There are 2 protein chains.
Amino acid sequence: MDFMKPETVLDLANIRQALVRMEDTIVFDLIERSQFYSSPSVYEKNKFNIPNFDGTFLDWALQQMEIAHSQIRRYEAPDEIPFFPDIILPPILPPINYPKILANYSDEINVNAEIMEFYVKEIVPQVSCKVGDQTENLGSVSTCDIETLQAISRRIHFGKFVAEAKYQSDKPGYIKLILNKDVKGIEDSITNSAVEQKILERLVTKGESYGTDPSLKYSQKPQSKVDPKVIAKIYKDWIIPLTKKVEIDYLLRRLEDEEPELVEKYRV
Amino acid sequence: MDFMKPETVLDLANIRQALVRMEDTIVFDLIERSQFYSSPSVYEKNKFNIPNFDGTFLDWALQQMEIAHSQIRRYEAPDEIPFFPDIILPPILPPINYPKILANYSDEINVNAEIMEFYVKEIVPQVSCKVGDQTENLGSVSTCDIETLQAISRRIHFGKFVAEAKYQSDKPGYIKLILNKDVKGIEDSITNSAVEQKILERLVTKGESYGTDPSLKYSQKPQSKVDPKVIAKIYKDWIIPLTKKVEIDYLLRRLEDEEPELVEKYRV
């Protein structure tokens, strides 16, 4: 995705290609996480005595990572949004003047708190290799968690580009839907069940291919490191619905950043 | 690998299994890196004006990461060693009392400087998708680089466990070789060309399986994201030889941590 060229970013074919590529990263990350125990200590508030800190160990580790990544400009990119916007630092690299692609308020559309919640409650128990803590691996666990959370967050918030592209392709239609606060109409306009079905099928084949040592394929009955059906289910139950929520939240506010004359034209 | 149980760690079958699993991580990491340009600015000394810092942008980013990871106990683990041992911080988690597995001096066997050099000079040009900088991705590039470097470093320094296991399995033989400073004899004793050949073949199949979108397998002629032969070559030319160097360096010093009486028994 070349954010210096807005016209390529808002091309739905390019967005789809980027989303397909992100599946690989998410599948890789889930496979890496599956090496470790569920590790409840990582997700329990104030389980460890971290000075001047109120939260889980994962929160703390993720904050350290976001502080470091903010300094290397991660959160300047239009497709990255922090879990802890209040603690990040200014970049040490020269700023990038990204052209405007999304609406002004787009950084305010941030569902990372919900992502953290379903990740800890739904994903970790389903992909970890065993229930319980393995004390010496808590750091490794949090490192895998952070990578997975960041990959899922990027995927879900990419919905903003989908939403903007759809809006640009049919301003009159969307302005009417938004003026009518027609959430159901907006949802229908952004839903493509055939595409969703294809995503789920592709995830199963990716889970099998990427999660199975290919050199063992014919010699034994090797299992995929993460059940491919679990990967598809995570998408079906959480990633796809939250992406839609991002798209709808983004579209519902879209007129805040539209020319008033144009909006008036469609007001009845 | 359960470092709380030294006897399982020094079982060569377990070590081999761990090394095979690490291949997956390294292949995933190389695939992720292949999304980005070669990005020479990341590796050029003092290319950016980072206050109070002398080094490349990657050095700086890696140091931030090592500072964070040291606090979550990464470098307490016997299979992790920092690139910048002088800047790391004490852990915020309670310490783990790992049982002794390796010789006392094992942390002094550190080839990370050589890993950094061949990574930048040999690996980056071969796996990146295009030559040149893409300014807005320098942070993402460094993040991929750090993950790949850490995975390769862990793989190479795992040679210490191989060396220790071999030493334990034949103390008389190794004590004689070490007393004679017989580097060639030590190298021969740790080399298994058949196993090495199998690793290279397995890497090609992994590169194909993990690097190709399986849903496209029959519809088009999809290319693997990283040339699988390049992955095998990286192992052949750099990872395997450096692992052997670690094993030899470790063994050459092994008598520093052996009972003097036993050593004397084999001195001619």
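None of the values given here were measured: they were computed from a predicted structure. Sequence lines set the chain letters: A, B, ... in the order given, protein chains first and strands last, and positions in each chain run from 1.
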Near B:Q17 CD, under 6.0 Å, is it more than 12 heavy atoms from other residues, nucleotides or ligands?
-> no
More than 12 foreign heavy atoms under 6.0 Å from CG of A:N192: is that the case here?
-> yes
When the 4.5 angstrom heavy-atom criterion is applied to B:V27 and chain A, the contacting part is neither
Sidechain N-carboxylate O distance under 4.0 Å for A:R21, B:D213 = no
Which answer fits B:K225, side chain, backbone, both or neither, if we ask what part of it has an atom under 4.5 Å from a heavy atom of chain A?
-> side chain
dist A:L138:CG -> B:R73:CZ (nearest 0.5 Å) comes out at 5.5 Å
Less than 4.5 Å apart, any side-chain heavy atom of B:E136 and any of A:Y98?
-> yes
For B:F48, is it the side chain, the backbone, both, or neither that has a heavy atom closer than 4.5 Å to a heavy atom of chain A?
-> side chain
Is chain A contacted by the side chain of B:E23, its backbone, both, or neither, given a heavy-atom distance below 4.5 Å?
-> neither
Side chain / backbone / both / neither for B:S140 at chain A, heavy atoms under 4.5 Å | neither
Have B:T25 and A:E32 got a donor and an acceptor in their side chains that come within less than 3.5 Å?
-> yes
Above 12 or not: heavy atoms from other molecules or residues under 6.0 Å from NZ of A:K100?
-> yes
Which region of B:I31, side chain (C-beta onward) or backbone (N, CA, C, O), has a non-hydrogen atom less than 4.5 Å from a non-hydrogen atom of chain A, or is it both or neither?
-> both
Which atoms of B:Q35 come close to chain A, meaning under 4.5 Å heavy atom to heavy atom: side chain ones, backbone ones, both, or neither?
-> side chain
Between the CG atom in A:L58 and the CD1 atom in B:I72, the distance rounded to the nearest 0.5 Å is 9.5 Å
Contact class of A:P51 relative to chain B, heavy atoms under 4.5 angstrom | neither
Does any heavy atom of chain B fall under 4.5 Å from the side chain of A:E147, the backbone, both, or neither of them?
-> side chain
Ranked by heavy-atom pairs below 4.5 Å to chain B, first place among A:T135, A:N137, A:V204 goes to A:T135
On a heavy-atom basis, the closest approach of B:P214 and A:S209 is CB-OG, 3.3 Å
Check each atom of B:P91 against the heavy atoms of chain A and say whether the ones under 4.5 Å are side chain, backbone, both or neither.
-> neither
Mind telling me whether B:F28 and A:F28 have parallel, tilted or perpendicular rings, with 30° and 60° as the class edges?
-> parallel
Heavy-atom pair count under 4.5 Å with chain B, highest-scoring of A:Q64, A:K206, A:R74, A:M4 | A:K206
Tell me, with the steps shown, if A:L93 and B:F57 meet side chain to side chain contact (heavy atoms under 4.5 Å, CB included).
-> CA-CA 9 Å; A:L93 294 175; B:F57 173 61; 3.5 Å; yes
So how far is it from A:I92 CD1 to B:W60 CH2, rounded to the nearest 0.5 Å?
-> 4.0 Å
